[in-house]
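Notes to accompany the following structure.
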Amino acid sequence: MIFTRRDKEPPTQARSSLYDRFASRISVKNSLSRKLVSYQGNKDAPGLRWMKYKEGFSSELVQSFLGQIEAKTLLDPFSGSGTAPLTASSMGIDGTGIEIMPVGNLSARAIVAAANGLRHNDFFHASQDLIASLSSKKYEIDHLFQHIPITESAFPEQTEQDLAKARKFVDGIRDPSLQTLLTLACVSILEEVSYTRKDGQFLRWDPRSGRKVSTRLHKSELPMLAQALQRRIGEIMIDIPALQRMYAGSVPKFVDGSSLTELRKMPDASFDAVVTSPPYANRYDYTRTYALELVYLGFDADRLKELRQELLSATVENRSKRELLLREYGNVPLIEHAFRMTDNQTALQESLHVLRQEAHNLSNRNVIPLVENYFTEMAVVVSELARLTTPGGSVFMVNDNVRYHGQEIPVDLILSDFAEQLGFRCEAIWTLNRGKGNSSQQMGRFGRQELRKCVYYWRKSDG
Ligand SMILES: C[S@@+](CC[C@H](N)C(=O)[O-])C[C@H]1O[C@@H](n2cnc3c(N)ncnc32)[C@H](O)[C@@H]1O
């Protein structure tokens, strides 16, 4: 399709005709509630409730997908805190997850540690010793939180000292399962004991931190570290027996790393089911919102920047990974085809064309490469999923559409088009009852339109 520079109205034909192609398969699914597709649904789930991984979906959602199909093996290439592989394991399905954020895999591994081989009594004694160690007056400078500029002043002075004592205690534990669980206990309460709150793209700050803040956040009185830890430890104690019943003997596999490098190492047709939710193309920056947790786990400022680049491109800071992908894969047909699909996807190119024409009006021009990079990388991921899925296998993907400068990017339709070019049939695009509205700024300029928040169900042909 050729777009001219003199279009008066931004072109929409390519997006409209893509919509028409999928229209009969798009339906509102009332059973898909916001709670089910978000972390909210895990608030009472044993294990998954410890680390509030707000980008997660619920175990109940994964169960509902897996209940519709026959599967022996499951993959989640963006497994976060491990909801999909863990839920699969509890249903007797071999689960594998790939996750680049160590926070997510720590949470998943802590649940596995609690479920397999951990003695309730050992955990009780170690955790009480940890709490007791916090009442000491002494702390070691070597164990203090190694702040980077974006975490500076996150904690009151006493909490800084208590964190140093906790770290020293946990570092000295020999048993790997106990150490994993107690590390998770410490990491999972960092936000609660800090002057920060995670808020999508950024951390928000309470002015008591002493930092200059534009959006005012007022947290209620912060708990002491010992208080918050005691609460988390109480939850872990309650959950251990339930986890040992749910996951007895089944150990899902969690791979640390990027799907853009790890998927290619997996053999063809290894998975009957994929249940996943990739990052959305919405500018959310996990390395900023999880800065406290990452720094606690040993990241310095440089490593954090590197991680930001390694994540699937979803922020205005991400640079193109085409060269990296060519280096990793070589000039193989999968990559060539993925790049070609991206460059020839008319609805995507139409959206990019309009954004380029409007570049001078964009609040940040880097949303253009963001969109381009996002789809290039997702084209590679979907190509890999097509290679890795068994004949007749299923993919369930949770994702949101996005809008920039009033231009809807139909993420669901573009990714489903990629999937159909790669041997899947898009069986359904189920949308939530109410899509997401515009930001208030966009509503003023472009009126209110709803964005689809959906689940796509793709099925691989039988062979
Ligand atoms: C929407 S969240 C999925 C959360 C997960 N469903 C759960 O229940 O916890 C997307 C995840 O993709 C991860 N991610 C981003 N880029 C990645 C990459 N290149 N490889 C693997 N994981 C990545 C993020 O760290 C995040 O945890």
Side-chain angles (χ1 to χ4, degrees), residues 35-43 45 47-63 65 74-88 95-111 188 198 200 252 254-266 274-291 293-294 297 299 304 306-315 317-319 321 324-325 328 370 373-374 376-382 384-385 395-400 402 411 453-455:
K35 181 172 168 209
L36 205 64
V37 299
S38 73
Y39 171 79
Q40 289 292 316
N42 282 343
K43 265 169 72 180
L48 289 165
R49 65 182 177 145
W50 304 337
M51 177 76 221
K52 308 216 168 337
Y53 204 69
K54 291 178 183 152
E55 297 69 27
F57 47 38
S58 71
S59 177
E60 201 184 328
L61 181 77
V62 180
Q63 283 171 31
F65 295 152
L74 165 136
L75 170 70
D76 183 347
F78 301 101
S79 56
S81 53
T83 316
L86 285 162
T87 306
T96 301
I98 306 174
E99 172 56 51
I100 200 165
M101 289 269 289
V103 187
N105 274 340
L106 170 67
S107 168
R109 290 194 177 110
I111 295 172
S188 71
K198 297 185 198 326
F254 294 103
V255 179
D256 299 288
S258 169
S259 279
L260 297 173
T261 53
E262 296 303 320
L263 288 171
R264 63 180 269 270
K265 301 175 188 165
M266 298 177 165
V274 174
V275 175
T276 195
S277 173
Y280 303 165
N282 60 4
R283 299 183 61 172
Y284 278 29
D285 183 348
Y286 293 79
T287 61
R288 285 205 166 78
T289 46
Y290 285 92
E293 293 79 2
L294 290 167
L297 293 173
F299 278 61
L304 204 81
E306 277 167 32
L307 177 64
R308 191 170 299 143
Q309 289 303 327
E310 288 162 14
L311 284 156
L312 195 97
S313 294
T315 75
E317 284 161 72
N318 285 111
R319 291 188 294 273
K321 295 194 189 53
L324 169 111
L325 286 163
E328 278 289 324
L370 180 167
N373 296 340
Y374 182 81
T376 306
E377 293 161 34
M378 282 304 290
V380 174
V381 171
V382 179
E384 285 290 24
L385 297 186
V395 174
F396 296 89
M397 186 178 287
V398 178
N399 204 339
D400 275 9
V402 291
V411 181
K453 184 172 179 62
C454 23
V455 177

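Every number for a ligand or one of its atoms is a count from 1 in the order of the listing. Atom set for the values below is all heavy atoms of this structure, side chains included, hydrogens, waters and symmetry mates excluded.
Leu312 contributes atom CG, which lies 6.0 Å from atom CG of Leu260 (distance to the nearest 0.5 angstrom). Atom OG1 of Thr87 and atom CG of Leu61 lie 9.5 Å apart (nearest 0.5 Å). For the atom pair Met51 CE and Tyr290 OH, the distance stands at 5.0 Å (nearest 0.5 Å). Here the CD atom belonging to Glu293 is positioned 13.5 Å from the OH atom belonging to Tyr286, to the nearest 0.5 angstrom.
The protein atom (non-hydrogen) at minimum distance from atom 4 (C) of ligand 1 is Glu55 O, 3.5 Å. In terms of protein heavy-atom proximity, atom 7 (C) of ligand 1 is closest to Gly56 CA, 3.3 Å. For atom 19 (N) of ligand 1, the nearest protein heavy atom (residue, atom name, distance) is Ser258 OG, 3.0 Å. In this structure, atom 11 (C) of ligand 1 lies nearest to the protein heavy atom Glu99 OE1, 3.6 Å. Among all non-hydrogen protein atoms, the one lying nearest atom 17 (C) of ligand 1 is Ile100 CG2, 3.6 Å.
Distances from ligand 1 to the non-hydrogen atoms of Ser107 include no value under 4.0 Å. Residue contacts with ligand 1 include Gly257, since one of its heavy atoms falls under 4.0 Å from the ligand.
Below 4.0 Å from some heavy atom of Glu310 lie the following atoms of ligand 1, by number and element: 19 (N). Near Pro77, meaning under 4.0 Å from one of its heavy atoms, ligand 1 places the atoms 21 (C), 22 (N). Of all atoms in ligand 1, numbered sequentially from 1 with element shown, those under 4.0 Å from a heavy atom of Met101 are 25 (O). Of all atoms in ligand 1, listed by their number and element, those nearer than 4.0 Å to a heavy atom of Ser259 are 18 (C), 19 (N), 20 (N), 21 (C).
Among Tyr39, Tyr53, Tyr284, the residue whose heavy atom lies closest to atom 27 (O) of ligand 1 is Tyr53. Across the listed options Tyr290, Phe57, Phe78, Phe78 owns the non-hydrogen atom lying nearest to atom 23 (C) of ligand 1.
Within a 6.0 Å sphere centred on CD of Glu60, other residues, nucleotides and ligands contribute 12 heavy atoms or fewer.
Considering backbone and side-chain N/O of Thr83, one or more are found under 3.5 Å from N/O of ligand 1. Ligand 1 has no N or O atom lying under 3.5 Å from any N or O atom of Ser277, backbone or side chain. Considering backbone and side-chain N/O atoms, Tyr280 never comes within less than 3.5 Å of an N/O atom of ligand 1. Close N/O approach between Ser81 and ligand 1 is found [any backbone or side-chain N/O within under 3.5 Å]. Here's the thing with Leu312: one of its N/O atoms is less than 3.5 angstrom from an N/O atom of ligand 1.
If you look at Pro278 next to ligand 1, the close heavy atoms, those under 4.0 Å, all belong to the backbone. Contact annotation for Ser79 and ligand 1: only backbone heavy atoms (N, CA, C, O) come within less than 4.0 Å of the ligand. Residue Glu377 does not touch ligand 1, judged by heavy-atom distances below 4.0 Å.
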Thr83 and Phe57: CA distance, side-chain angles, deciding distance, side chain to side chain contact (heavy atoms under 4.5 Å, CB included) verdict: CA-CA 7 Å; Thr83 316; Phe57 47 38; 3.9 Å; yes
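One side chain, Asn105 or Asp256, offers a donor N or O that lies under 3.5 Å from an acceptor on the other. Side-chain atoms of Asp76 and Thr276 form a donor-acceptor pair, as typed in the model, at a separation below 3.5 Å. If you check the side chains of Lys321 and Thr376, you find no donor sitting under 3.5 Å from an acceptor.
Checked by atom type and distance alone, the side chain of Arg283 never pairs as donor or acceptor with a backbone atom of Leu370 at under 3.5 Å. Judged by distance alone, the side chain of Asn318 and the main-chain N or O of Thr315 form a donor-acceptor pair under 3.5 Å. Without hydrogens or angle criteria, Ser107 side chain to Val103 main chain gives no donor-acceptor distance under 3.5 Å.
Shown here for Glu377 and Leu311, the closest heavy-atom pair between the two residues is OE1-O, 4.2 Å.
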